[in-house]
Amino acid sequence: MQQYFAKDKINNRFVLDDQDLFHIEKVMRMKDNDLVYVSYEDKIYECVIKFINKKVNVEIVRETVINNELDCDVTLIYGLPKGDKFDFVVQKATELGVRTIVPYKACRSISVISRDKEDKKVERWNKIAKEASEQAKRNKLVKVERICDEDSLLNYKSKLNIVAYEDVSNEGCNKLNKLLSNRFDSVTLVVGPEGGFEQREIDYLVNNGFEVVSLGKRILRSETAPLFLLSIISYMYECGEVNEKI
Ligand code: SAM
């Protein structure tokens, strides 16, 4: 069943944005009494489509107990990569349960996004995040923040803060496994761009409570590393053994 995110709720009806109403009527060609899921204020509702005066109305049938969220609030701070890799990571990280994505202008980020282009970029990334959140049937809409620099990185700290550093890649994943085997309410992950991190970026993060980890002996592409981390977290938190919440 298709899922949408509501903008508002009026009595027993949801208000969807025009693009979603167009999608229901013209793309999915839904008819009267077709069913959809709608997510509103982190809850998922089963709803029925009603055409009134040829207009799409979305009426609530029942609130469900569906919870497709990862039981950990994961923030990904990702060093701006070249080209459209950021689009790819927004989509895949959303499927893998990330909650917030922060584009980070790393020292070695080659792509330069001017302030006037930034609004358009962030709007596009949030559109990708919304579509991926709907496709993944998430309760929550993943948010892509504005581009941040080193000074504002610390605004996105969590209970556990991890930076993946390629220069310790030969240290294996034991430390990562140890850190992730205790359940945390929130985790922040930092991954570098294609060129990796400068040592002084790592020093800054370590001095502010971030744990440096290896992702194993192979060097992953910048766009692979966040997915590797999110896959491990969702596996350990939803299928594996983790200790009680900290
Ligand atoms: N320029 C670096 C080099 O060639 O060694 C590679 C950077 S890697 C392509 C991009 C980012 O992915 C790194 O900054 C790091 O955050 C993460 N990463 C990739 N492989 C890793 C590994 N084996 N251990 C830790 N971090 C890794």
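In listed order, ligands and their atoms are each counted from 1. Note that this is a predicted model, so its numbers are computed, not measured. For reference, positions follow the sequence shown, starting with 1.
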>> Polar contacts were defined as any N/O atom of the residue lying under 3.5 Å from an N/O atom of the ligand; does this apply to Leu215 and ligand 1?
In response: yes

> Looking at atom 11 (C) of ligand 1, what's its closest protein heavy atom, distance included?
Replying inline: Gly192 O, 3.4 Å

> Is the shortest distance from a Lys or Arg side-chain nitrogen in Asp73 or Arg99 to a carboxylate oxygen in the other one below 4.0 Å?
Replying inline: yes

>> Test of understanding: given a 4.0 Å heavy-atom threshold, classify the contact between Ala164 and ligand 1 as side chain, backbone, both, or neither.
In response: both

> Are Tyr78 and Phe86 close enough that their ring centres sit under 6.0 Å apart?
Replying inline: yes

> Under 3.5 Å, N or O to N or O, is Arg221 touching ligand 1 that way?
Replying inline: no

>> Quick check on contacts: which atoms of ligand 1 are under 4.0 angstrom from a heavy atom of Leu220?
In response: 8 (S), 9 (C), 19 (C), 20 (N)

> Taking the six-membered ring for Trp, are the ring centroids of Tyr40 and Phe5 within less than 6.0 Å of each other?
Replying inline: no

> Any idea which atoms of ligand 1 are less than 4.0 Å away from a heavy-atom of Gly195?
Replying inline: 1 (N)

>> With a heavy-atom distance limit of 4.0 Å, tell me whether Val213 approaches ligand 1 through its side chain, its backbone, both, or neither.
In response: backbone

>> Can you name the atoms of ligand 1, numbered from 1 with element, that are less than 4.0 Å from a heavy atom of Phe197?
In response: 14 (O), 16 (O)

> Can you tell me the protein heavy atom closest to atom 12 (O) of ligand 1 and the distance?
Replying inline: Ala225 CB, 3.6 Å

>> Give the atom numbers and elements of ligand 1 that come within less than 4.0 Å of a heavy atom of Val191.
In response: 12 (O), 16 (O)

> Looking at ligand 1, does Pro193 have a heavy atom less than 4.0 Å from it?
Replying inline: yes

>> Can you tell me which portion of Lys217 lies within the under-4.0 Å heavy-atom range of ligand 1? Options are side chain, backbone, both, or neither.
In response: neither

